[in-house]
Every structure is written in structure tokens, then in C-alpha cells.
Asks: 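Handing you a structure now.
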Protein chains: 2
Amino acid sequence: MPNPTDEPPADPPPDADAAVVEGDSPPSERVPLERDRIVDAALDLVEQLGPGNLTMRRLGHALGVEAMSLYRYVPGKEELLDSVVDRLIETMYADDDVLSTPRDGWQDFLQRMAHGVRRVAIAHPKSFPLVASRPPEAPWLRPPLRSLDWVESFVGGLRSEGFSREGTASAYRAFTSFLLGSLLLEVAARGADVGPLDVVEDTTAESSLADYPGVDDLRHLLAQDRAADEFELALEDLLDRIARIKVDTQDAEES
Amino acid sequence: MPNPTDEPPADPPPDADAAVVEGDSPPSERVPLERDRIVDAALDLVEQLGPGNLTMRRLGHALGVEAMSLYRYVPGKEELLDSVVDRLIETMYADDDVLSTPRDGWQDFLQRMAHGVRRVAIAHPKSFPLVASRPPEAPWLRPPLRSLDWVESFVGGLRSEGFSREGTASAYRAFTSFLLGSLLLEVAARGADVGPLDVVEDTTAESSLADYPGVDDLRHLLAQDRAADEFELALEDLLDRIARIKVDTQDAEES
DNA sequence: AGCGCGAGGTTTACGACGTAAGCCTTCCGT
DNA sequence: ACGGAAGGCTTACGTCGTAAACCTCGCGCT
């Protein structure tokens, strides 16, 4: 068994060219060919098998095509993965509840943005870590807000609400590291217990915890999933912190 | 070029068996054989080439040995990587400035712990992300504090300082996600600019930023490395937050 | 009608990977 | 002296990413 990186590969036979939905019709296009389809399929595969089990051959197979055909549309696997995270980011940006510019104050603006990112992370637990692990293209594109559009929204939004340059930059850094830490951990916890079958399997029993009375005592508390509540609380505290940053960095600036 | 995942592989010739330091001598051992040596070498290699370029053959080569010989001491690559992150965690735990139990209050205790973790992260920028990306063995082993010893220290320390069970659990979750987010981002930024040569290469010039005036305006600020200061500030705010958690969850508990 | 030609797919092939299986050597206890 | 195991080496298999060459249509020309 050469490569059991994440989960059993489990290769089902191909289907492909299944439902070619019709409906749209700009002048002269046939059936929806590819490239976006490739990225979508890659995202799906990553979500099913984990990033380590995405394979060009497997991906081709899922699209009813040989692996090499993909290279007509994608320069290589790395770039494909980059496109996958781009797709994820776009998904976030298309969220209706996320504003591209503040409407009811910056706190509401940032709340919506944070929740939008969280929604995407939770909807794509296996892919989300990719957003963190690909090398950033520029120092100001910090995961998980890895796109100029997001950063522009963030920066423009806060500036328009009276944040100084320094305040905006600090807030941006605080916001991104908060999101990254919380969501990576939440998603990792979520991803762990969706294993193949496992049932409930209390994980208790077993060995160790005898030597670790403190941990043993808190075992149940620590295993509980309070992610949603704590995200909310931590986010509120973060906004307070950012409010403090705002006033602390308020200095003489032109508009 | 099959696998340019991270950086150019660049395979130098082997040396191995170079300096076999003598000095210790328990009853009957020859030259320091292996297993720990393997893990150390793996850690070094990851640090030099990035995790994606660690290869059993390359690792063997670095130790002056064929790849297959490693399997005498290590069951497989996954387990090797697990051992590497364990080694990292032990390194943190051996830090003299980190206390295993509070001496001057829990704030000092957590400060020292946070700085200890940060020191290790910064000393091993390429390896640190491994600590985050390996699947956790239990829900209460949250990166980057992935060892029962750490968690026991944390939990025991806070409990002994009067934290309730719930308060301890909340503080633990807040602490870990703070560390993970901050340090991953700091380390990613650091890892980015140690590329092969690149010189300074202002990254400015170039394309894009014309359409993103807000980002362009803040470009220099956002590229600045304020990681150290902001870690300190954020950590202090986190401790305040934890103090609030402490009093908020103070309820009737036996000692 | 013939014909080239390019878009989009396939085949084949290479080198690197993780690792199973078996072989060879060296050295120890008896 | 010798058996055996400890520790390394060689060979081999299946899989990966991808370069290169090759088919095979259907279209627009003349």
C-alpha cells in the first residue's frame, strides 16, 4: 500500500458526461467544455478524499478523461491547487451576507466578513487547510483572506470608517490571524470525526490518561464542540480589541 | 521536472558518518547508531528543503545510507513525520524559560509558555506548519500544543491558579487558536523571504495594484514585519480576555 | 469536392517516489 | 568454530507528475 496519506483511495469506475444541463446559450458554444469544470471537480475530490489523495489521474478519471488531457487547461498540479483555493475565496466573496463596503458600521461589516469566511470553511473542511498552506503571493495577502478583492474590501471599508493607516494595518493582521487560528482548529476537529465509520467510539477507555490527571479530569469538557459559541465570543472580543486599536492610532491624517 | 512542490531539490553528494562525537559511554554501545539521529536529520532536511521535499531516499542519503535502511527504525514516512513534530514539541518543553507549573501567577505562566512556543516556531519556520497540518490524535490535543505533557501543564497550571473547569477549557481553546493563527502567519511571512537569492526585489513595480487603491496605499505598511510587537500586544489582550473568562466562569467548585 | 489544420483527446514513456521482499555481511555468544 | 541475528544493500512493484508524440475529428478554404 504505497500512499495511505489520508484515507483509503477507493477508486470507483468513471461516469462523466452525465447531465449536460442546457439552458444558457451565448452565440456559439457546445456543451460546457472545461477548466472551471476541472477546478470544481478538483475541489469536490479534495473534499471527498483529502488534499493528499488528489491525483491527476484520479481527477481525469472523475471527469471521464485521461489525466494528460487536463494539461490542456491547467499548467500543472500546483497551479490547479492554487485555482482551487481561488475558487474557495470567490465563493466567500459571493456570499450575500458579506458586504463589500460597510453599511451599518465597521463592526457589522467585520462580523459579516468573519461569518462569511467561517461558513465557507465549514462547508469545505478538507479543502480549507489548503488556503493556509499554499505560500502567499504577497506579504499583504494573508490567509485566509488570500485575494486582493478581500483585502481591498477590508482596507477600504475600515479606512472609510475612519481608521488610520496604521490602525487598518493592525486590524487587518489581528483579524486574519484570529480567523486562521480559529477556523483551522474548528475545521480540523470537524474533519476528524467524519471518518469512514468509527461510530461514536468514545475514545475514552484506552491507555494514557492515567498519568495526566488534569487532562483526564477535563476530558469531556475538552472534547466538547463549543466552536460556534466560542467563535462568537472571541470575535466580539476581537472587535473590542480592534476598536481600541482604532482610537489608539487615531492621529492627524488627511481624509 | 516532476515535483517542484516547494523549492529546487538540489541534491548534494553524501557525507554522513562525519563527526561522531565521543564522550558518553554507557556499558556497551558503539558509535551513536540511530532513530533519534534519523528524526534529527529529517527535521534538518525539512528545515532546509521544506516538508514537500523530504524524501526517504534523500534522508537516507543525508545519513550516508540507503533509503530502505531507515525502515529498520521507522515504520513509514507518516510515522517519521509524526516523530518530527513530537521532537519539535519536546524542544519546546525543554525550554528553560517555560515553567511546567506557575510560579509568579498564571499570567506569567502563560506568557512564558506562549513565548516558548513562539521561539520554537521561529527557529523552525519550515517545520512548524507540520505541527498544524498533521491530524490530531485526540480532540483535546490542539495544535500547536500537541502533547499530553503540554496540555497537562496548561490545565494543571490554570486549575491550580483557581480557574474553574469550564474556564480552563475555554482558556485552553482561546490560547491554542491564538498561538496557531499568529505563529502560522508569522512563520509563513518569514519563510517567504528566505528564498534562494531574490536579493531585495521590492515586489512593488509589477502589475495589479492599480485596481486596488486601498491596498496600494497601505502597501508598505502591510509588508512591514511587525510580528514581534503585535504578538506581544495580542498576547496581552488575550491574557485580559482569559482573565475575564476566569471571573465569568467562577462558580461553586470543590478544590 | 478535396484538403489542411488546429482543437482536444490518447498513448507511451521517463524519472522519482514509498515500500515489500529477499539477500549479504559482520560480529557476538557459545 | 560456528550459528544466528542485527543492520545494511539490492531488486522490484505500483503510483505519481508530466514531456512528447500521436491520433481523430469537424471546420473553413480554395
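Throughout, a chain's letter reflects where its sequence line sits, starting with A, and its residues are numbered from 1.
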Asks: Have a look at B/L80 and say if it touches a base, only the backbone sugar-phosphate, or nothing, with a 4.0 Å heavy-atom cut-off.
Replies: nothing

Asks: May I have the distance from B/L63 (atom CG) to D/dG7 (atom P), rounded to whole angstrom?
Replies: 15 Å

Asks: Could you tell me the separation between the CG atom of A/N53 and the P atom of D/dG17, rounded to a whole number of Å?
Replies: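 It works out to 11 Å between those atoms.
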
Asks: Salt bridge check, A/R118 against A/E186: does any charged N sit closer than 4.0 Å to a carboxylate O?
Replies: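 The answer is yes: the pair qualifies as a salt bridge.
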
Asks: I need the single residue from B/F175, B/W140, B/Y93 that forms a ring-ring contact (aromatic ring centres under 6.0 Å, His included) with B/F154. Which is it?
Replies: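 When ring-ring contact (aromatic ring centres under 6.0 Å, His included) is applied between B/F154 and each of B/F175, B/W140, B/Y93, only B/F175 qualifies.
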
Asks: To the nearest 0.5 angstrom, please state how far the CG atom of B/L130 sits from the CZ atom of B/R146.
Replies: 9.5 Å

Asks: When you compare the protein's N or O atoms with those of nucleotides 10-13 of chain C, which come within less than 3.5 Å of each other, and at what distance?
Replies:
| residue | atom | partner | partner atom | Å |
| --- | --- | --- | --- | --- |
| C/dT10 | OP2 | A/E66 | N | 2.7 |
| C/dT10 | OP2 | A/S69 | OG | 2.8 |

Asks: With no hydrogens and no angle check, do the side chains of A/S83 and A/R35 hold a donor and an acceptor under 3.5 Å apart?
Replies: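 Result is yes, a qualifying pair exists.
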
Asks: In whole angstrom, give the distance that lies between atom CD1 of B/I38 and atom C1' of D/dG7.
Replies: 11 Å

Asks: Are A/L184 and B/L184 close enough that some pair of their side-chain heavy atoms sits under 4.5 Å apart?
Replies: yes

Asks: What is the distance, to the nearest angstrom, from the NZ atom on B/K77 to the P atom on D/dC16?
Replies: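 B/K77 atom NZ is separated from D/dC16 atom P by 15 Å.
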
Asks: Expressed in angstrom and rounded to an integer, what is the separation of A/Y71 atom OH from C/dG9 atom C1'?
Replies: 15 Å

Asks: Whole Å only: how far is the OH atom of A/Y73 from the P atom of C/dA7?
Replies: 11 Å

Asks: Return the value, rounded to whole Å, for the distance between atom CG of A/L59 and atom P of D/dC16.
Replies: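 Those two atoms, CG and P, are 12 Å apart.
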
Asks: Tell me the interatomic distance from B/R35, atom CZ, to D/dG8, atom P, rounded to whole angstroms.
Replies: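 Going from CZ in B/R35 over to P in D/dG8 covers 14 Å.
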
Asks: Do B/M113 and B/M92 have side chains that approach each other closer than 4.5 Å (heavy atoms only, starting at C-beta)?
Replies: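 They are not in side-chain contact.
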
